[in-house]
Amino acid sequence: MDELTIPAMLRRAEHYSPDRPVVSREPDRSLHHTTWGEIGRRARRLSSALLGLGLTPGARVATLCWSHRQHLELYFAAPLAGLALHPLNPRLHVDDLAYIATHAGDEILVLDEGFLPIYEQIRDATPFRQVIVIGSATGDAIGYEDLLAGGDPDWQPGPIDEHSTALVGFTSGTTGRPKGVEVSHRAVALHGLSTALQGWLGISDTDVLLPVVPMYHALAWGWPYTAALLGAEIVLPGPFLDPESLLELFDSERVTLTGGVPTIWMGVLRILDTNPARFDLSAMRAILSGGSTAPASMITGYGERHRLNLVHTWGMSELMMGTIAGLSADLHQAPHQEQLRHRLKQGRPMPFVEIRARSEDSGFAPWDGESMGELEIRGPWVATEYLDSPEASAEQWTDDGWFRTGDIVTIAPGGYIEIADRAKDVVKSGGEWISTPTLEGALMAHPAVAEAAVIGVGDERWGERPLAVVAFHPGSSATAEELREFMAPRMARWWLPERIEIVETLPKTAVGKFDKVALRRRFTAPIGAGS
Ligand code: AMP
């Protein structure tokens with residue numbers, strides 16, 4: 001079958017929305033304006049040029065790029081030609097990058113000129129047979145525009161099996177080596193359709209989308225394809241992901257829908273709080289937050305102080321987006337507090353996605369909003385195995401084909417999931433679970449606290465106890481005792497951390513989450529408590 005494919009999605013943009021804008025921030029910060037029609041023409045020409053390099057169907061094209069128009073062209077050009085696009089995350093350690101590119105069998109690398117120093121560090125350990133540079137190329141590398149100019153402007157894609165691979169991605173590898181997943185054309189098409197439905201993100205050609213999550217991350221993969229399918233305008237922020245630059249774009253481009261990780265939205269909220277009138281965000285209808293738990297104080301801060309709708313979503317590299325915290329029909333007339341209680345959860349599974357929570361006795365937790373279990377999930381865009389890793393695959397998928405997410409959740413009536421913790425992050429104290437995101441949310445609600453992460457540390461009596469690591473806003477501070485008093489009304493007394501360590505800033509992973517592995521390395525030694 002060749003109907004649910006990326007070529008079919010691009011055809012819609014070219015035929016029905018050729019004049020809809022594509023805006024991209026250039027390295028010099030200027031804004032480049034083009035259209036979906038032009039992106040389509042250039043993507044097809046680029047496809048023929050890639051095939052001209054001798055690539056055969058199924059070959060992998062790696063990218064090392066920020067979010068910009070050329071990356072958008074590549075998102076289409078590779079799958080149109082029956083090739084798989086493999087976006088690499090430039091923030092990964094070079095050893096991981098070399099491992100991933102080798103493991104995926106990447107043949108071509110297209111990279112931003114600014115990432116050449118990274119390439120220099122991995123070139124001897126990687127299998128690329130051709131390197132293409134967006135910017136000025138030297139040596140054996142080819143310039144992106146030169147490659148494109150050599151392509152056939154009239155090239156059209158042939159039939160593509162919708163089950164064939166369009167994208168290759170890797171998990172962020174916080175435990176062991178990163179593991180690869182393949183995403184089919186069909187998965188991309190159904191994921192796009194499902195997210196766009198009314199009642200979910202309700203995307204149409206009147207929307208202006210700005211994915212803040214960089215295009216090399218799985219949580220961004222859906223945006224360009226969904227935008228093409230529906231003819232929505234897309235705005236790509238280039239390397240400028242700081243809150244000020246993003247706010248400028250939201251304002252000037254009248255952005256209606258955006259998505260990013262909570263650490264970004266905390267920075268944006270700080271600027272909005274300092275000067276609420278500086279940016280006009282009146283066009284914005286939803287700000288999606290995913291990747292880690294959005295603290296309740298942040299969601300209510302956007303809503304109550306700025307009338308902005310911060311929508312919690314949950315996803316993974318193995319499945320792109322899985323749940324969205326919209327309100328079901330029965331909650332539309334519910335009291336505000338009841339609605340809020342549901343909006344603070346990670347949301348309901350999108351149409352076609354199925355969920356269940358496996359409890360410790362190997363039954364399934366009831367959907368009562370209280371019983372905890374490990375979330376298992378399946379659906380048309382949920383991966384079914386890891387690339388060349390039968391052992392890891394056997395561990396992560398059940399015999400009846402459900403993916404074990406490693407997230408400990410409760411499921412409330414109506415299918416609202418709430419992530420209590422990552423299985424490996426949850427603190428088990430005296431045989432009971434303590435949810436680290438709950439502690440982090442309570443700490444981050446304190447006005448002096450900018451960032452907070454909680455890890456479990458060994459304890460002779462209780463097995464494990466929570467340890468909080470906190471960074472304050474510039475010029476603010478609080479004592480450990482004040483913080484504990486502040487948290488006390490919000491949780492059971494035995495959840496309160498005895499140790500609270502103060503740091504300048506918290507370490508982050510390559511995708512902007514708090515790096516708990518680094519925190520454990522630094523704080524698990526039983527040194528004198530900082531509290
Ligand atoms: P990755 O594959 O690197 O995107 O990481 C996926 C993991 O991020 C999930 O298994 C969750 O533990 C976590 N995650 C993603 N979205 C959320 C969210 N909205 N709230 C809490 N955790 C999240």
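Counting starts at 1 for both ligands and their atoms, in listed order.
- Ring pair Y216/W66 is tilted by interplanar angle, where 30° to 60° counts as tilted.
- Salt-bridge check for K428 with E464: failed, with every basic side-chain N at 4.0 Å or more from each acidic carboxylate O.
- Cation-pi geometry between K345 and Y416 is not met: the NZ or CZ atom fails to fall both under 6.0 Å from the ring centre and inside 45° of the normal.
- Contacts with ligand 1 closer than 4.0 Å are made by no heavy atom of L219, backbone or side chain.
- At least one N/O-N/O distance between T313 and ligand 1 falls below 3.5 Å.
- For the ligand labelled ligand 1, residue A218 lies outside the 4.0 Å heavy-atom shell.
- Seen from the ring of W402, R356 counts as a face-on cation partner, given the 6.0 Å and 45° thresholds.
- G406 does not count as a contact of ligand 1, since none of its heavy atoms falls under 4.0 Å from the ligand.
- Checked by distance only, ligand 1 and M316 stay at 3.5 Å or farther apart across all their nitrogen or oxygen atoms.
- Ligand 1 has T293 within reach: a non-hydrogen atom of the residue lies less than 4.0 Å from it.
- Between F403 and W397, the ring-plane angle classifies as tilted under the 30° and 60° cut-offs.
- Counting the atoms of ligand 1 from 1 in the order shown, those under 4.0 Å from a heavy atom of H217 are 4 (O).
- Taking only non-hydrogen atoms, the option from S292, G347, S317 nearest to atom 2 (O) of ligand 1 is S317.
- Counting only non-hydrogen atoms, the option in K513, Q346, M320, R422 that gets closest to atom 20 (N) of ligand 1 is Q346.
- The aromatic rings of F250 and W265 are tilted relative to each other, their planes meeting at an angle between 30° and 60°.
- The aromatic rings of H103 and F170 stand perpendicular to each other, their planes meeting at an angle above 60°, with 30° marking the opposite boundary.
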